[in-house]
Each structure stands twice: as structure tokens, then as C-alpha cells.
Amino acid sequence: MAGEVIVDALPYIDHGYDDVGVRESALAMVEEECRRYRPTKNYLDHLPLPASSPFETPLMANEFERIQNRLPMETLSMKRYELPPPPSGKLSEVSAWQEAIENSMAQLEHQWVRSLNLELMLDYGTEAWKSYLEVFTAMQAKAQLQLQQLKKDIQDVNWQRKQAQTQAGERLRSLEAHWVLLVSKNYEIETECVELEKIVHAARQQLRKITPPPSANDTAPTPEYTNGFDQNDLAESNGSSSSNPDPSQPGDDGTDADGDSKEEDKSEAQEESSNGST
């Protein structure tokens, strides 16, 4: 839903709501929002009109029509309770007196019905009232049961919310502690790296001080590219690798380990044999 506000507050585990200034800050935020909010007249246009026709009676329909037309309300007519004589101009007319007599008879009938209702109420009103009270008591008991069930449901919802928030709070605290531990380890590692970089930098500076400057014909690598080895060590390692380690193996020029060639040995042997024969 667009514009939906996600409430991320956890009142069962969050603290600080009773601190000084929190309530004032919340009220200030509400007032600021009320100042920025501009209600419109048609903010309910997206909602359908309520269907009130099934509940309207003819009397209600007439009254709604009167209100829509802005007509005044009709006053209560007391004519049926009056016994006016015929007008002065119709005192000699029989029809006028006949209407007055019918009106008086209607009034007497109305009074008789009222007295009859009073007598019936005196005879049966007590029992009817007791029956009404019993029905009303049953309705009240049923409403009380519904109220108790609603309170129980509300309590269950609050308990579930509290349990969920408590579990979430424990999880959040555990994650926060783990995060703090990781941040602390990272900080320690970064500190150690900085110290090692300082030591390496100091060692390189010291190596530059004790190493003689290279000559023009010297192509030996500088200390930065010797991986910490001295130039003399590199020269010794290069010389040992170029010399022949095994004296029993002949060299590249055809001589043996004593430096004498095999051809010289053969010529000396031939000369000794010729001298002996003479």
C-alpha cells in the first residue's frame, strides 16, 4: 500500500518513553503535522455512498426530502384535542353542528381508550414489566459474556504481542552484542595492521640507512624489491648457484674437477711407454 507507515516501535522492550522531554517532543511533532496537513472537502470521494434505502421508512424518506429542500418542520397539530363550536356564521347550519358533535365523540372515544389502557396496565402491567425485566436481564448477561470474551481476546493479543516483542528484544540484544564484538575485533585488527605498517616502514627506513648506494654498473635490485634480503646475501646465493657444487662432475669446458684435461693424461702415458721401450 502506497504511503503505508511501518510502526517499528517495541513498547514492551523499548525504554525512555517516560524521560523528560519525550512527551513534549511527541506533541510538538503532532502539532507540526497538523499545521502541515490541509484537509480537503472531497477526501471521501474514493469511498462508495452508504446504502441507506433498505432502512428508510416512508416517514424517514419524507423527512429527508424536507431537509434536502430546506423546508421548515411542521408543528404539532393540537386540533384533535380541541372542541370548537361551529363558527358564528354557521350557527344555524345543521352540518356545522354535526361536525362539532363528531369531534366531541372522537375526543370521548380517545379518553375512553386511555382509561382502558390504564386499567389494563394496572391488571397486567406488573407481570409484563417482570417479563420485560427477565428478557432484559438475559440480554444483559449475554452482553456481559460477549464483553468478557472480547476482553479475553484483547488480553491474548496483548500477551502474544508482549511475547513476540520480548523474543525480538532478546534477538536484537544478541545481534547487537555480536555486532559490537565484531566491530571491536575489526578495530583491534585495524590497530594491529597500523602498528605493523609502522614497523615495516621503520624497518625499510633502517635498511635504506645501512645499505650502501648502488654503483652505476650495479643492476642489483634495490632493497624494496629484495623482499627483505640483503644484496650480499643475494650475491652469495647467486654465486653458489652458478658454481659447480659437485667436484666429481665435469665442467662445461670439458675439464675434470682437478683442472687437467683427459687428453694431457693420455699424451703423458704415451711418452712414458716410448721412453721405456728405448
Side-chain angles (χ1 to χ4, degrees), residues 1-68 70 73-74 76 114 117-183:
M1 179 178 178
E4 183 178 359
V5 178
I6 300 176
V7 180
D8 57 353
L10 301 176
Y12 284 101
I13 62 173
D14 291 341
H15 301 286
Y17 294 109
D18 297 332
D19 295 343
V20 179
V22 175
R23 180 178 178 83
E24 290 74 9
S25 177
L27 293 177
M29 294 173 64
V30 172
E31 292 178 358
E32 177 65 23
E33 186 175 358
C34 291
R35 284 195 299 268
R36 290 187 288 104
Y37 177 72
R38 294 292 182 270
T40 58
K41 295 182 179 180
N42 300 325
Y43 69 98
L44 297 178
D45 288 344
H46 64 285
L47 299 176
L49 294 176
S52 59
S53 57
F55 306 99
E56 291 182 359
T57 60
L59 182 61
M60 293 174 62
N62 294 332
E63 186 65 20
F64 290 153
E65 184 178 0
R66 181 193 66 79
I67 295 173
Q68 186 176 4
R70 298 180 181 278
M73 182 183 295
E74 297 181 359
L76 183 62
R114 289 184 64 185
N117 289 333
L118 291 174
E119 291 178 0
L120 291 174
M121 187 181 67
L122 291 175
D123 294 339
Y124 305 103
T126 304
E127 298 297 330
W129 183 253
K130 289 181 180 179
S131 178
Y132 168 75
L133 289 179
E134 291 177 358
V135 174
F136 184 78
T137 304
M139 293 174 61
Q140 184 183 9
K142 186 176 181 180
Q144 289 291 338
L145 291 176
Q146 293 178 355
L147 179 61
Q148 293 177 1
Q149 184 64 32
L150 288 176
K151 289 183 177 180
K152 183 178 180 299
D153 295 341
I154 294 173
Q155 188 69 20
D156 293 340
V157 171
N158 291 333
W159 182 82
Q160 293 175 3
R161 184 186 296 113
K162 181 178 181 180
Q163 186 178 12
Q165 292 186 14
T166 303
Q167 295 177 357
E170 294 176 356
R171 178 64 175 169
L172 288 174
R173 283 189 289 269
S174 176
L175 292 175
E176 184 179 3
H178 185 62
W179 176 80
V180 171
L181 180 61
L182 293 178
V183 170

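Keep in mind it's a predicted model, so treat the numbers as computed, not measured.
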* **Partners passing side-chain contact (heavy atoms from CB on, under 4.5 Å) against L172 (at least two apart in sequence or in another chain)** => L10
* Asked: Who are the side-chain contact (heavy atoms from CB on, under 4.5 Å) partners of R70, not counting sequence neighbours?
  -> none
* ring-ring contact (aromatic ring centres under 6.0 Å, His included) contacts touching residues 159-182 (sequence neighbours left out) -> none
* Structure fact -> To the nearest 0.5 Å, atom CG of N117 lies from atom CZ of R114 at 9.5 Å
* What distance separates L150 CG from Q148 CD, expressed to the nearest 0.5 Å? -> 10.5 Å
* Structure fact -> Sequence neighbours excluded, the answer for side-chain hydrogen bond (donor to acceptor under 3.5 Å, both in side chains) partners of E32 is R35
Donor-acceptor pairs are to be reported for all side-chain atoms of residues 121-137 against protein atoms at under 3.5 Å, with residues two or more places apart or in another chain.
from	atom 1	to	atom 2	distance (Å)
T137	OG1	L133	O	2.7

* What residue pairs, at least two apart or across chains, pass side chain to side chain donor-acceptor pair (under 3.5 Å) with a residue in residues 54-68? -> S52-E56, E63-R66
* Structure fact -> Residue pairs passing the salt bridge (charged side-chain N to carboxylate O under 4.0 Å, His left out) test with at least one member in residues 152-171, sequence neighbours excluded, are K152-D156
